[in-house]
Amino acid sequence: MPPCNLDVLFQELNETYFDAILPPCRIQWSRQLTRTAGNIDVRRRVIKLSLPLLVDAFANRSLFGPEYQVCGVICTNPEEAMHEILKHELIHLWLHVQGLPSGHTTAFRAKARSMGQPRTRHGIALPPPTSGWIYKCGHCSTEFPRRRRYGRPVACLKCCKRYGNGKFDERFKLRGRRI
């Protein structure tokens, strides 16, 4: 069973960091989220939190030691981790409410830093995927695990930024293989 009341936590975070301007959100636990700790659909106002990463893994200490980082913040228990993940998801909603792009933009990073989160990714070390796809950049050899196959050509963002003026470049097209 999840360890804290998420509706109460939502209200506390809304008042503390967002001046209570965020609209109500449905918060639910998901067994399907296994590669990310949380996500939000800003239009439908639904936040999903990962049971496998934020509850199960802590219960049996299968992924974490006594300390771990979530969005650059040291956490020592699952409640702290959920607190940081929910703060992260609420920043997306806050940007949407203001009519701004709700991705990991400069405004997102500035708000996260002001709330004590120096990173935009959860930083939870994930076990290697056992199914899906692995894509690899032929130039830098970086691998990208994916649950589903890409439906269009994609390229390595790092290499495209560094050598292709930030635009899609066929030279850095990712090659996929089924796991």
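Every heavy atom of this structure was used, including side-chain atoms; hydrogens, water molecules and symmetry mates were not.
The two residues Gly116 and Val73 make their nearest non-hydrogen contact at O-CG2, 3.2 Å. When all heavy atoms of Arg148 and Trp133 are compared, the closest pair comes out as C-CD1, 3.7 Å. Closest non-hydrogen pair, Arg45 versus Pro24, comes out as NE-O, 2.9 Å. Nearest approach of Leu90 to Phe10, heavy atoms of both residues: CD2-CE1, 3.4 Å. The minimum heavy-atom distance linking Lys158 with Cys140 is given by the pair CE-SG, 4.0 Å. Cys159 and His139 make their closest contact through SG-ND1, 3.6 Å (heavy atoms, listed as atom of the first residue, atom of the second, distance).
Here the NZ atom belonging to Lys87 is positioned 9.5 Å from the OG1 atom belonging to Thr16, to the nearest 0.5 angstrom. Distance CG/Leu86 to CG/Asn14: 10.0 Å, rounded to 0.5 Å. Atom CG of Leu33 and atom CG of Leu49 lie 8.0 Å apart (nearest 0.5 Å). One finds the CG atom of Leu22 at 9.5 Å from the CH2 atom of Trp94 (value rounded to the nearest 0.5 Å). Interatomic distance, CZ of Arg152 versus CZ of Phe168, reported as 9.0 Å (0.5 Å rounding). Here CG of Asn39 is found 11.0 Å from CD of Gln32. Values are rounded to the nearest 0.5 Å.
Checking side-chain atoms of His92 against main-chain N and O of Ser102 turns up a donor-acceptor pair under 3.5 Å. Side chain of Arg171 to backbone of Tyr163: a donor-acceptor contact under 3.5 angstrom is found. Tyr135 places no side-chain N or O within 3.5 Å of a backbone atom of Ala155 that could act as its donor or acceptor partner. Side-chain atoms of Asn5 come within 3.5 Å of backbone N or O of Asp7 as a donor-acceptor pair.
With sequence neighbours excluded, the residues that form a side-chain contact (heavy atoms from CB on, under 4.5 Å) with Arg109 are Thr106, Arg113, Thr120.
Residues Leu95 and Ile21 fall within the same hydrophobic cluster, defined by Ile, Leu, Val, Met, Phe, Trp and Tyr side chains chained together at heavy-atom separations under 4.5 Å. Residues Val42 and Ile85 share a single hydrophobic cluster, defined by chaining ILVMFWY side chains whose heavy atoms lie under 4.5 Å apart. Cluster membership for Phe108 and Leu157, using ILVMFWY side-chain heavy atoms within less than 4.5 angstrom, is not shared. Transitive grouping of hydrophobic side chains (ILVMFWY, heavy atoms separated by less than 4.5 Å) keeps Phe172 and Val154 in distinct clusters.
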Under the side-chain contact (heavy atoms from CB on, under 4.5 Å) rule, what do Cys156 and Leu174 come out as? Steps first, then yes or no, please. CA-CA 6 Å; Cys156 175; Leu174 300 179; 4.0 Å; yes
Where do Gln28 and Val46 land on the side-chain contact (heavy atoms from CB on, under 4.5 Å) test, with the steps shown first? CA-CA 8 Å; Gln28 58 193 46; Val46 175; 4.0 Å; yes
Apply the test side-chain contact (heavy atoms from CB on, under 4.5 Å) to residues Ile91 and Met115: give CA-CA distance (whole Å), side-chain angles for both, the deciding distance (0.1 Å), then the verdict. CA-CA 10 Å; Ile91 297 170; Met115 294 169 54; 3.8 Å; yes
Please test Lys136 against Phe144 for side-chain contact (heavy atoms from CB on, under 4.5 Å), starting from the C-alpha separation and ending with a verdict. CA-CA 6 Å; Lys136 185 174 182 178; Phe144 305 91; over 6 Å; no
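A donor and an acceptor atom, one from each side chain of His88 and His104, are located under 3.5 Å apart. Remark: the Gln117 side chain and the Arg119 side chain contain no N/O donor-acceptor pair separated by less than 3.5 Å.
Atom NZ of Lys48 is surrounded by 12 or fewer heavy atoms from other residues, nucleotides or ligands within 6.0 Å. With a 6.0 Å radius and a threshold of 12 heavy atoms from other residues, nucleotides or ligands, Arg162 has its CZ atom at or below the threshold.
The shortest distance between side-chain heavy atoms of Lys161 and Lys167 does not fall below 4.5 Å.
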